[in-house]
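Quick notes on the structure that follows.
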Amino acid sequence: MTDRSAAAVAVPDGVRDMLASRIHDVPDYPKPGVMFKDITPLLADPKAFAALTEVLADICGVYGATKVVGLEARGFILAAPAAVRAGVGFVPVRKAGKLPGATLSQSYDLEYGSAEIEVHAEDLSGADRVLVIDDVLATGGTAEASLRLIRRAGAEVAGVAMLLELGFLGGRKRLESALDGAPMESLVTV
């Protein structure tokens, strides 16, 4: 995988630290032994949310994105304002059965079972360079499926941008082949 993002995306001094400080740990949620990373304090802070939106919009420009895909559900919250700020279209990728009309779907494996995501068939075309934005990269299953779905729609993957990467879960490694050389940026890594 070629990671052009480290050199290409200039994140203003202190922004990564500010974002990280607004992500709170919630122990034993949703079940005992899990340390949940809660981004709602970041979203509630207008300065932090604006800084995040600006950085994501900058990534859109650096990667030459013409559209932004947001992954259900928290990815919508981050991707839509970034797309507006960057002046590009926003396309939601939803869980199966949530979109009306003609859709393309992609199934993927989870730790215990499988899931499926969908996009409106007409929302992406061969003329599009798509940046995928989501809140957290954990094991990488949903992000990997979204990259496959974007390519099946005929669009090019411009890159992936994550607010938070849980490095110990190996999601980046899982995405290497699906990225096929496209860059990936994680603003905060734990």
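- The side chain to side chain contact (heavy atoms under 4.5 Å, CB included) test with L163 singles out one residue from I23, L137, V136, and that residue is I23.
- Here the CZ-CD distance, from R152 to Q106, works out to 5.0 Å after rounding to the nearest 0.5 Å.
- For the pair L56/L187, a side-chain contact is recorded, criterion being any heavy-atom separation below 4.5 Å from C-beta on.
- Rounded to the nearest 0.5 Å, atoms OG1 (T189) and CE (M162) are 11.0 Å apart.
- Here the side chain of H24 pairs no donor or acceptor atom with the backbone of L42 at under 3.5 angstrom.
- In this structure, P12 and V55 have side chains that are in contact, with non-hydrogen atoms separated by less than 4.5 Å.
- Counting only distance, with no hydrogens or angles, the side chain of K67 and the backbone of S125 share no donor-acceptor pair below 3.5 Å.
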side-chain contact (heavy atoms from CB on, under 4.5 Å), that's the test. Do H120 and V91 meet it? Break it down for me. CA-CA 8 Å; H120 274 133; V91 178; over 6 Å; no
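- Under a 4.0 Å N-O distance rule, the pair K98/E118 does not qualify as a salt bridge.
- I133 is not listed as a side-chain neighbour of I59, based on a closest heavy-atom distance of 4.5 Å or more.
- Scored by the salt bridge (Lys or Arg N to Asp or Glu O under 4.0 Å) test, D38 finds no partners at all (sequence neighbours excluded).
- Of all heavy-atom pairs spanning A86 and C60, the tightest one is CB-CB, 3.7 Å.
- At distances below 3.5 Å, not a single donor-acceptor pair connects side-chain atoms of R85 with backbone N or O atoms of A57.
- Contact detail for A48 and L19: the closest heavy-atom pair is O-CD2, 3.7 Å.
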Walk me through whether F90 and V84 qualify under side-chain contact (heavy atoms from CB on, under 4.5 Å). CA-CA 8 Å; F90 168 73; V84 169; over 6 Å; no
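- No side-chain heavy atom of T103 sits less than 4.5 Å from a side-chain heavy atom of R94.
- Partners of R74 under the salt bridge (Lys or Arg N to Asp or Glu O under 4.0 Å) rule, at least two apart in sequence or in another chain, are D135.
- Not a single donor-acceptor pair under 3.5 Å links the side chain of D109 to the backbone N or O of S114.
- In this structure, F36 shares a hydrophobic cluster with V26, Y29, the cluster being traced through Ile, Leu, Val, Met, Phe, Trp and Tyr side chains under 4.5 angstrom apart.
- Remark: K37 NZ to L164 CG distance equals 7.0 Å, nearest 0.5 Å.
- Taking all atoms of both residues into account, the shortest heavy-atom contact from A102 to E122 is O-OE1, 4.0 Å.
- No single ILVMFWY cluster, assembled from side-chain heavy atoms under 4.5 Å apart, contains both L99 and V68.
- Here the CG atom belonging to L175 is positioned 9.0 Å from the OG1 atom belonging to T139, to the nearest 0.5 angstrom.
- Hydrophobic cluster membership is shared by Y63 and V15, with clusters built from Ile, Leu, Val, Met, Phe, Trp and Tyr side chains linked at under 4.5 angstrom.
- For the residue pair G70 and F76, the shortest heavy atom distance occurs at O-CE2, 3.3 Å.
- Not counting sequence neighbours, the partners of T66 by the side-chain hydrogen bond (donor to acceptor under 3.5 Å, both in side chains) test are D128.
- A pairwise comparison of heavy atoms in A161 and L131 identifies N-CD1, 4.0 Å as the closest pair.
- Residues I117 and E72 fail the side-chain proximity criterion, which asks for heavy atoms closer than 4.5 Å.
- Heavy-atom contacts from other residues, nucleotides or ligands closer than 6.0 Å to CG of D13 number 12 or fewer.
- Hydrophobic clustering, with ILVMFWY side chains joined whenever heavy atoms are under 4.5 angstrom apart, keeps V34 apart from L166.
- Between L43 and I77 the shortest side-chain heavy-atom distance falls below 4.5 Å.
- E144 is linked by a salt bridge (Lys or Arg N to Asp or Glu O under 4.0 Å) to R148, R174, counting only residues two or more places apart in sequence or in another chain.
- Identified under the ring pair (Phe, Tyr, Trp, His ring centres under 6.0 Å) test for residues 158-190, with sequence neighbours left out: none.
- At least one side-chain heavy atom of F49 sits less than 4.5 Å from a side-chain heavy atom of T53.
- With rounding to the nearest 0.5 angstrom, the CD atom of E116 is 13.0 Å from the NZ atom of K95.
- Separating the NZ atom in K47 from the CE atom in M18 is a distance of 6.0 Å, to the nearest 0.5 Å.
- With contacts defined as side-chain heavy-atom distances shorter than 4.5 Å, the pair D58/V9 does not qualify.
- Remark: of the listed residues V130, L104, L149, V130 is the sole one forming a side chain to side chain contact (heavy atoms under 4.5 Å, CB included) with L124.
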